[in-house]
Amino acid sequence: MKRYSVFAIAREALRYHQGWEKAWASPAPKSSYDVVIVGAGGHGLATAYYLGKNFGITNVAIIEKGWLGGGNTGRNTTIIRSNYLQDPSAAIYEKARSLYEDLSQDLNYNVMFSPRGLLMLAQTHHEVRGYLRTVHANNLQGVTTEWIGPEKVKELVPIMNIDGPRYPVLGALYQARGGTARHDAVAWGYARACSAMGMDIIQQCEVTGVRSANGVVTGVDTTKGYIGTKKLGIVVAGHSGQVADMAGFRLPVESLALQALVSEPIKPCMDVVVMANTVHGYMSQSDKGEMVIGGGTDGFNNFTQRGSFQHIEETLRALIETFPMISRLKMLRQWGGIVDMTGDRSPIISKTPLGNCFINCGWGTGGFKAIPGSGWAMAELVAKGEPGPLAEEFNMYRFREGRFIDESVAAGVAH
Amino acid sequence: MLILECPYCGVKAEETELAPGGEAHLKRFGPGSPDEDFEAYMFARKNPKGVHFERWRHAYGCGKWFLAARCTATLEVFGTYPAQTTEPPADIVAKIMAKRPDWKGYK
Amino acid sequence: MSTRLAKGGRLIDRAAPQDFTFNGKRLRGFKGDTLAAALLANDQMLVGRSFKYHRPRGIVASGAEEPNALVNMGEGGRFEPNQRTTTTELFDGLTCTSQNHFPSLEFDIGVLNNYAARFLPAGFYYKTFIHPRAAWKHVFEPIIRQSAGLGKVPKDRDADRYEQAYAFCDLLITGGGIAGLQAALTAGKAGKRVWLMEQTAHWGGRAPVDGVEIDGTPAEAWVKNAVQALEAMENVTMRLRCMAAGSYDHGYVLADEKVADHTPGDGRPRHRLWRIRAGQIIAATGAIERPLSFAGNDIPGVMLAAAMRDYLVNWAVAPGDRTVVVTNNDDAYRTAIALKEAGLEVPVILDARATVTGDLPAKARALGIRVEAGKAIAKVKGGKRVTSVAICAQAGQGAVLEEIACDAVAMSGGWSPVVHLWSHCGGKLNWDAAQAHFAPDPARPPLNHDGSALVVTAGAASGVLLAGDVLANATAAAGGDVAPVASGPVEAAMEPVWVMPQGATIDLRMKMWLDYQNDVKVSDVQLAAREGYSSVEHTKRYTTLGMATDQGKLSNINGLAVLADSLSSPIPQVGTTTFRPPYTPVTFGALAGEARGDIFQPLRQTPIHAWHEAHNAYFEPVGLWRRPYCYPRPGETHEQAVHREVVNTRTNVGLLDASTLGKIIVKGPDAGKFLDMLYTNVMSNLGIGKCRYGLMCSEQGFLSDDGVVARIDEDTWLCHTTSGGADRIHAWMEDWLQCEWWDWQVYTANVTEQFAQIAVVGPNARKVLEKLGGMDVSKEALPFMQWADGEMGGFRVRAYRISFSGELSYEIAVPASEGRAFWDALVTAGAEFGMMPYGTEGLHVLRAEKGFIMIGDETDGTVIPQDLNLGWAISKKKADYLGKRGQERPFLASPDRWKLVGLETLDGSVIPDGSIAPAPGTNANGQRNTQGRVTSTYYSPTLKRGIAMGLVKGGLSRVGETIEMTRLDGSTLQVKIVDPVFYDKEGEKQNV
């Protein structure tokens, strides 16, 4: 892999950029691998990357039905934070956040991680207490967050109206090292690094069946033929149930559409990420200048990657209340993604009833921020066959025991 | 923005009048039931990419719960029927079979 | 230069001049102008700067597809960035400024990026700015952010209002060109309820500009007749300035009607957002002309050929004196002919096709225009305006044959149907190789709720471009069979041209713009392909092709073709990116509608709300209710007010508006059996006239709501729920009754808002009621945990002896209509007994002093009744209740669960909200172990010290132990575990 740098660009510029090599190879599948990862989204690629980096396992194929990074990795609102309440969540999201800090350097690919700060507004007394609880918890979890008052909120976000008639801002949970990253770049950076380690990224290759012998996985049937494998990792947000079905088990997962939208670009006006859970809206400004806005989730099973208008309407009402100056901005584009929702809205990183078959799913509305940590934990699970501490609590058997990891406790919605 | 016809009041209700209620025809398991059964009742969902039988309530209408057969991939609705039904009615099953020859059937 | 011609202009009214300013320059146009037309009429071709390289940008198009000509418009509360001049109607007094430059449009320092363009190819930022780590956030990103963005940031609150409206129709036709009009005529005559909408201010679309003849009359006259005929049909509704923004599932369409954009401040809502439910949609949305990719195709003065014709015919504006036309099809000859006939120079028509036949070229030649077949533009020269073009052979690499001076270039690369509404809900496309465009595949339409085709297309949107075909197609789309006949010249086939010249060298390709706004060039797409970003979505995202505010209306197909060529793949195999709503950007204000400020959300008010407002209540939101938190007196803080209210309630008497409390009637022969399933304890054996506290759990076993149940008569119970829980619990009851136990005879009714409920609380409570007079409220007549109907002070009341404060307490319900009067009567009667109202915070303190739990404080969705020492309220005898099985699961039955205790600090201070009790050591993830947390913590004005409840591992078995709890600053404080009942442990005060 040729390293990226300003010097490389200068060198290439002199020859009209004709000398750049492919960011990742597009090989035909081999007959078998040590590990096959189904799903070349952020989580799948990160899993493969840390398999190689942390465990030296590089005889790996990542197979993808469409194009890499084309699922929720490429259609979320790019928020990164780890201000979670429950210990297992805080652990894995903080692991992810800390890996994001160095990810550009690690991958030699600028993923534009920008710890610009993140605010979760408290607009009811109940919410104030919930966020205070989170700050206390975060202090013990090694996650740096703080509670700030309305004046500090206004100072951080001058365009905000903190004195709305219905839900004045009472304060906020503030994570100064939360922020955003460029979502596509995360997938592309991992893909390039995986390819450089000799892994095969096989796009346009759909899994049609999972084969096993004596309760242990042996390979997958795909639209590009049979691929044998010693271990299988299923990392296919939005379609986890379909692939699990092929592997012979059922998941506590339902697929719902989550929506987002962007405005036309304007000059910089908001540096931090703002989430307002009482009124259901969150917003940040991208480097291009677009206001990036997250909407709500439809309540019914949906695989269409499009949602219903009333959620957009509700979100925009909330945000115009919070940021009156956006009223004359215009919606440029709206879209949807399919999210896996589990019984407690927390993810699953788990062994499955099928031997040597592992699953990573259920990130709901919050998957992007977890990518490096999720990949790290999943790689450990796949490599060792047993979960490490990051993944342990996220096993799929917790529902039977009633051992929920419930984040709705502190905040109405968790994005 | 779905439209579902409420089988009780006959109104072609739009989504904002309705409250979704998840998978239909679940069997309740109470005290003393095996762990697997209770877990399946609470959590295991078919979640098909295709024909789905699901619960809806005409919440901002007549208030009745009803059931719908709907495709989660195209959002086509094959029919709605009263909630007091233990499995999909034959006419709706026949309609789905005719429209989706590949459908593996309810179960 | 561009200028207004002395004659012509079918849309302008020369008798109505309109003054406006651009960058402070005073200019004049006419009524009927678009802002773009008026700018061109004033020789203002340069209107902005591009996103990345800050290159000069001129007007390219005449409609919604315009990528360049965006301005900051208006001032103050009517300031709006990124306003598209080609779709903005001119009005007198309009002010606008150009965007994305510093210090000025003419001299922009950002153009340095342009000189460095070679070092800034697609995706350069992914490859650099990597080291040092902190530099991205602190150095590079701020620079990029500042140079990106387009329009200025609005500062003020929007001065305008927006409204939303609903409509229903059998058929919604979007697009008011001849296809839309013909479809509407057809469907209208057939008696369908038809809606017809057009995004511009005029009916007729392109046909009148193109000089089409329909049924022997000019298109202009045909359109006029058609509009008149439609206006006469009662079943047809027509809307101009109304853009169908998106089609959503099952025939839901959003349309943005620009009611008063052109008459700002006239009192009307600025936009009206139509929310339409249509049985079917006909997309008669036309087609958009594609640019050609030749070097310098972004220099101001290069325009789409049809746009140039629009400016000429509609607004009598000549964008140039000498216009070179470059094309791969016959349609562009119409522009050349129109220019020539208007007396303007057309030095040459460059036609990339090797042979040129057809009626229109013949006519152009007959007018004396030089036509060059097989020729192309090697390069356009000029800076802020075209000065000449260099001509080459299309087949070659760009060797210049000749240079021709000109001040404008009209280009046409063919036409692409506007398929957005077709595609929003999943309609599929076919590649039409002959016309080199994607057109709807009628066999794979988006589906309606019944599986029928949700959308059909009509006219050019279907991929038919000649007027006669358009009308036939539109007629068929609307279910008709007799179409008008349109005559026109015979047109020869177009030939796809994706790069001009075909073998252009890299230095030329680096100057061929695909996306004008985002500065994406042919070379960028080729670079993306070379680097493996070979999916069309990868290429789009890597290069930002089609991601600008025009969403790729001009660039997508051209970029796709270049990508396909780079990959040596057929175009249809590469596919398109996804079409997403809206078709053109829609103002947030319109999408949000009227719900702003006080009416942002529905407001639920109790019958007593106005009294609270009049008595200086500080409110807190509780669901959609607003409840008084406290009633501060002059000079009091909220905290002081709460303390006063609590003390007064304990010593005299307090008055609480409890009307928001949920009240659900459960009635029927099986009501008792049902409630036994719903509550953890037994309700069926509750005596008539008695009250009982009950708990409800989710099927998971977690505590979800609580409240007092009253047995009204043999088959009637009244269930009180929490304020926030009323609707949820009512729905929950109905769910079980309708979907599980449907053979049980039970009826429910949520009567929360039918009654006002007022709590009279404190030692003097009985005295107040006795003063009011009426029913016997003595301990004997109405003991604790009983209720009685009666009359009180002339009001019909139902009085409950229940207490959430530990004091002597009556909760008295009256019909909602009498609630305020009853409250007033209580206030009067209570005056001599020191009665004061108290709010929700006082209520919380009072209940916490008594160790009563509060749903939402002691519970958070993970807590079971057993955790809260509420085992006494869980029946051991019942075989089943909702949640019982869930509570049998190992984690819920574990002895290690945290359980409710009282907590108090050693020094009497208040434990901070949210505080957690650390335990020794750390877990496997290095997080500090914990053993408990506070759930409610208050200063008790009664006890004059801090009190708290919390959940602690080991629960009450640890009473007397001291543990550490966290403070926000990272330190800890010493806390003693105590019994959670801090006040009147024996419960003597409530039972008097």
Side-chain angles (χ1 to χ4, degrees), chain B residues 1-5 8 12-16 19 21-39 41-43 54-60 62-80 82-86 95-96 98-100, chain C residues 166 168 246-254 275-279 424-427 444-454 677 698-701 727-728 730-744 747-750 878-890:
Chain B
M1 296 294 275
L2 306 180
I3 290 179
L4 298 172
E5 185 170 323
Y8 289 94
K12 282 189 175 174
E14 88 141 35
E15 199 181 311
T16 53
E23 188 173 321
H25 303 305
L26 295 175
K27 176 173 163 37
R28 178 171 185 262
F29 284 89
S33 57
D35 285 350
E36 294 73 21
D37 287 346
F38 183 72
E39 182 192 15
Y41 155 55
M42 287 274 70
F43 301 108
E54 59 195 15
R55 295 157 17 96
W56 289 87
R57 185 178 184 216
H58 195 189
Y60 298 98
C62 68
K64 294 292 188 190
W65 280 94
F66 64 88
L67 307 181
R70 184 179 62 88
C71 176
T72 60
T74 65
L75 308 191
E76 179 177 356
V77 180
F78 303 107
T80 57
Q84 296 77 35
T85 314
T86 49
K95 188 173 168 186
I96 300 168
K99 287 194 164 193
R100 303 286 162 94
Chain C
Y166 292 80
F168 302 87
S247 100
Y248 298 79
D249 287 292
H250 296 185
Y252 193 84
V253 173
L254 280 188
R275 310 166 69 132
I276 302 168
R277 188 68 81 160
H424 284 166
C425 281
R444 295 179 295 162
L447 297 186
N448 209 336
H449 59 92
D450 58 0
S452 63
L454 175 60
M677 284 301 294
S698 67
E699 189 69 317
Q700 302 278 2
D727 296 333
R728 176 173 51 87
H730 183 238
W732 168 246
M733 289 177 173
E734 283 297 318
D735 190 349
W736 287 100
L737 287 171
Q738 294 182 34
C739 302
E740 186 71 21
W741 303 309
W742 62 71
D743 51 340
W744 295 10
Y747 299 89
T748 69
N750 183 352
K878 289 196 295 187
D880 195 5
Y881 60 81
L882 296 178
K884 186 174 170 72
R885 176 63 184 86
Q887 290 165 359
E888 289 170 358
R889 289 177 294 171

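Naming convention: chains lettered A, B, ... in sequence-line order (proteins, then strands); numbering from 1 in each chain.
With a 4.5 angstrom heavy-atom cutoff, B/Glu5 does not touch chain C via any of its atoms. Of the atoms belonging to B/Tyr8, not a single heavy atom falls under 4.5 Å from chain C. Using a 4.5 Å cut-off between heavy atoms, B/Met42 touches chain C through its side chain atoms alone. For B/Phe66, no part lies near chain C; criterion is any non-hydrogen pair under 4.5 Å. Residue contact with chain C, scored on non-hydrogen atoms closer than 4.5 Å, involves the side chain of B/Arg55 exclusively.
Between C/Trp744 and C/Trp741, the angle of the ring planes stays under 30°, which puts this pair in the parallel group of the 30/60° scheme.
Per-residue counts of heavy-atom pairs under 4.5 Å with chain B were compared for C/Cys425, C/Gly451, C/Pro890; the largest is that of C/Gly451. The most heavy-atom pairs under 4.5 Å with chain B, out of C/Cys739, C/Pro446, C/Gly883, come from C/Cys739. For chain B, the option among C/Asp735, C/Asn448, C/Asp743 with the highest count of heavy-atom pairs below 4.5 Å is C/Asp735.
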Side chains of residues 30-37 of chain B: which donor-acceptor partners sit under 3.5 Å, not counting sequence neighbours?
unit_1: B/Ser33; atom_1: OG; unit_2: B/Gly30; atom_2: O; d: 2.7
unit_1: B/Ser33; atom_1: OG; unit_2: C/Arg885; atom_2: NE; d: 3.1
unit_1: B/Asp35; atom_1: OD1; unit_2: C/Arg885; atom_2: NH2; d: 2.7

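No side-chain N or O of C/Gln738 forms a donor-acceptor pair with one of B/Arg57 less than 3.5 Å apart.
Considering all non-hydrogen atoms of both residues, B/Arg70 and B/Leu2 come closest at CD-CD1, 4.0 Å.
Residues satisfying the salt bridge (charged side-chain N to carboxylate O under 4.0 Å, His left out) test with B/Lys99, not counting sequence neighbours, are B/Glu76.
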